[in-house]
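For reference, the structure discussed in these notes is given below.
Every value quoted in this text rests on a predicted model; they were computed, and no experiment measured them. In the text below, chain A, chain B and the rest are named by the order of the sequence lines, each starting its count at 1. Worth knowing before you read on, the calculation uses all heavy atoms, side chains too, and leaves out hydrogens, waters and symmetry mates.
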Amino acid sequence: MSNLLSNLNPEQLKAVTLPRVSALVLAGAGSGKTRVLTTRIAHLIQSGQASPAGILAVTFTNKAAREMTTRLESMLPINTRGMWIGTFHGLCNRLLRAHYRDAILPQTFQILDSADQQSAVKRVLKSMNVDDEKFKPREMCWFINGAKEQGLRYKDVEAHDEFTRRQVEIFQAYDEQCQKEGVVDFAELLLRCYELLSRNAPLLEHYRDRFKFILVDEFQDTNKLQYRWIRLLAGTTGAVFGVGDDDQSVYGFRGAEVGNMRDFQHDFHVQEVIKLEQNYRSHGSILDAANAVIKHNQARLGKNLWTDAGKGEPLRIFAAANDNEEAQFIVDEVKSLHREGMRLNDIALLYRSNAQSRVLEHSLFRAGLSYRVYGGLRFFERQEVKHALAYMRLAANPDDDGAFTRVVNFPPRGIGARSIEQLQDAANMNRCSLMQAAKSFMPPGRSAAALGTFISLVDGLKASAETLTLQELVEEIVERSTLKSHYQSEREGAERIENLAELTNAAALFNEEYEGEDKPLIGFLTHASLESGEHEAGQGDDALQLMTVHAAKGLEFDAVFLSGLEEGLFPHDNSMNQLDGIEEERRLMYVAITRARKRLYLSYAGSRMLHGQPRYGVVSRFVDEIPSELCKWIVLPERVATFNSYSRGSQGDFFAKQDWGGRSAGGYHPQGTGYAPKTESETVFSAKDTISKQDMQRARFETSRPDAHPFGIGQNVMHAKFGEGVVINFEGSGLDARIHVKFRDVGTKILAMQYAKLTAA
DNA sequence: ACTACGAGACTTTTT
DNA sequence: GTCTCGTAGT
């Protein structure tokens, strides 16, 4: 036991060994939050205070749940398989499956992901003859989920105007359609579970009695319904151990309520709040910057991170003339870090919004740096995979109209919109599913044969599902549905076929892992919707990591590049008019900064292409909130003179970029503590080398002038898309300067100087 | 019934 | 710039 508790700091130890009371742990970034959670569970079990079955631990992501489980297994010689550690949705699903009758759900109920939900809403709108321009499916989903996440059914929603009343009607029709089809959306999973427990006293008693210890991760991210769910399960005698960080609450836009942390203290009579403030991740300057920024927020529970790791290096700030230059700077720095021995895997490139990744990717690609972008389409969300899954869903439940509409004519088999409409009418008329309508009320016509083919296909699959293994079933679906041959004839179908093969793989893997599951098909489909697939392909190879700041939450890297630090981008324009908007953006900035272990770069661009339009930016207020003594500004060598002409007297000099980076002085030590600036670089980073913000701004404007460009009339140039050409004229000045180039293959083009990615040829 | 082209949108996101 | 959606044409 002492083994388990050794190496914990006093606060961590206190949290881990707390008796059976409700408690709140304010865990700052990098303060060992997951460690505390898992060690507490291990300690409770080892000391005999709890049995593995008596613990309920809830997280937000599958990844977090998995990490907790793995760590726990390494601490204790127990099998975590039967333990209740999982996401809110995963645990609710488990409860609903166990008590499907009480929850009034079919045993085979399916879970809709966001895309499925949207198409379900579309079908509702159609059947109600509602204009989907006025009631956009996306917004309807938002409305429905928003209500459910507050614990509200359609009849609980207050409607004071005609529009909302109509929305409520659609809400009702949608829920009825879902019930009829035996499907539940994500929010429904939680609400249904909440209602199941609150309406069934013996059942609730049973679980209250069982879960003596409830642990909640990322408490600041809980929404109203999740909070009520926890309260319900805990009752008046339960003990809830909440861990969270109000400064890292960045999901307000999807219903998370930081206020739940305050309410928790009150509602659960929390006697003491334990603060974990010692940070084991970042060097001092990085933490100081994070603390300085977050101090500007008013509504905080209050917390200050510290470290004994030493100051480390200053933050590096780069002001680029435009987005391409910013990207180029990052490429050069990454290359240099890589040369020094830092693995690309340990370097992250963060941005506020996904749209920003393109320019960066472009430069990385040209430079031949391998990188991986997080947060695109996940495996189970891919079109071809969803199609195959729809066939599986029909095999499990032929009355699943969503799955039916998805694949009734995919691959195309001659069933057009007209026929589907007729089917829909027949189904409405007879109050049955589309499949039943197709079987019993098939309208006579040309498409009858095609429909017959489809019906027998699904019937065949249904029969196969009884006898075949999961893997064989997937293989059969891919073949017999002609998905495979369809994609084979498609130009870019190779990748899709690969993904279908990967689905076969996933099915085999699932079977292996959940051997003996009585309903493997249902289990697999649930797995597919609940775990949209962190099937991280190519995780093994060394690649730079690109992601949004949101996606980076919970991760850490040796070096972090935070790009696009401009007003309007970060903080984002759309956040400004939201309540608490700026504070949430600032928390996001805090999250971004605290991702870095040893080195942090901040960059912004004077102009960048956004939505196909140039947009001129001003440095983000968040950069200004970082004390300048923690920062060093980096300037391109050819501009040092320009910048220095603005700084007078004691202001000192800027650094030419090549004097930076600790190439010879200091450097990266892969197995050591990382960057250890030596004397030489300490000199380089001395305090006199700063410049005022105003000079910075003015200098940047100067350097953006067109006469700084390296081209002359008659010069041969190269363009990524247009190929070779010759410069024939210039036009305009300042940021609007344009260059006329006569290309060999595509004729004369007039390009914006700033964006034309021209190179001398 | 299917394909091709043009208009309009576009913060962040897990389940 | 790029993706999705809707309409018009084959």
Can a donor-acceptor pair be found between the side chains of Tyr374(A) and Arg372(A) at a distance below 3.5 Å?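 Result is yes, a qualifying pair exists.
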Consider only side-chain N and O atoms of Ser353(A) and Gln356(A), and report whether a donor and an acceptor are under 3.5 Å apart.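 Indeed, the side chains of Ser353(A) and Gln356(A) share at least one donor-acceptor pair under 3.5 Å.
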Nearest-0.5 Å distance that lies between atom CG in Asp175(A) and atom CD in Gln179(A):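 One gets 8.5 Å once the value is rounded to the nearest 0.5 Å.
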Please report the interatomic distance CG(Leu562(A)) to CD1(Ile330(A)), rounded to the nearest 0.5 Å.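 Separation between the atoms: 9.0 Å.
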Could you state the [atom1]-[atom2] distance from [X] to [N], rounded to the nearest angstrom?
X	N	atom1	atom2	answer
Leu189(A)	dT14(B)	CG	C1'	13 Å
Phe253(A)	dT14(B)	CZ	P	9 Å
His527(A)	dT15(B)	NE2	C1'	14 Å
Lys136(A)	dC10(B)	NZ	C1'	13 Å
Glu188(A)	dT14(B)	CD	P	22 Å
Glu381(A)	dT14(B)	CD	P	8 Å
Glu139(A)	dA9(B)	CD	P	12 Å
Arg615(A)	dC10(B)	CZ	P	15 Å

Between the base of dT15(B) and the side chain of Ser114(A), is there any donor-acceptor pair under 3.5 Å?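 For Ser114(A), whose side chain was compared with the base of dT15(B), there is a donor-acceptor pair (under 3.5 Å).
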Closest to the [X] side chain: [options]?
X	options	result
Lys122(A)	dT15(B), dT13(B), dC5(C)	dC5(C)
Asn409(A)	dT15(B), dC2(B), dT13(B)	dC2(B)
Ser575(A)	dT11(B), dT13(B), dT15(B)	dT11(B)
Pro412(A)	dT12(B), dC2(B), dT14(B)	dC2(B)
Arg352(A)	dT15(B), dT11(B), dT2(C)	dT11(B)
His572(A)	dT11(B), dT13(B), dT15(B)	dT11(B)
Arg378(A)	dT15(B), dT11(B), dC2(B)	dT15(B)

So, OP1 or OP2 of [N]: does either fall under 4.0 Å of a side-chain N or O from [X]?
X	N	result
Arg254(A)	dT14(B)	no
Asn354(A)	dT12(B)	yes
Ser419(A)	dA1(B)	yes
Ser353(A)	dC10(B)	no
Asn574(A)	dT12(B)	no

Using a heavy-atom cut-off of under 4.0 Å over every strand shown, decide if [X] touches base, sugar-phosphate, or nothing.
X	result
Tyr251(A)	sugar-phosphate
Glu361(A)	nothing
Ser529(A)	nothing
Phe60(A)	sugar-phosphate

Using a strict cut-off of less than 4.0 Å between a Lys/Arg side-chain nitrogen and an Asp/Glu carboxylate oxygen, indicate whether Asp580(A) and Arg587(A) qualify as a salt bridge.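 Salt bridge between Asp580(A) and Arg587(A), a charged N being under 4.0 Å from a carboxylate O: yes.
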Applying salt bridge (charged side-chain N to carboxylate O under 4.0 Å, His left out), name anything that partners Asp425(A), two or more places apart in sequence or on another chain.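 So Asp425(A) forms no salt bridge (charged side-chain N to carboxylate O under 4.0 Å, His left out) with any residue.
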By nearest nucleotide on DNA chain B, pick out whichever of Val250(A) and Phe88(A) is the more 5' one.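 Going by which nucleotide is closer to the 5' end, it is Val250(A).
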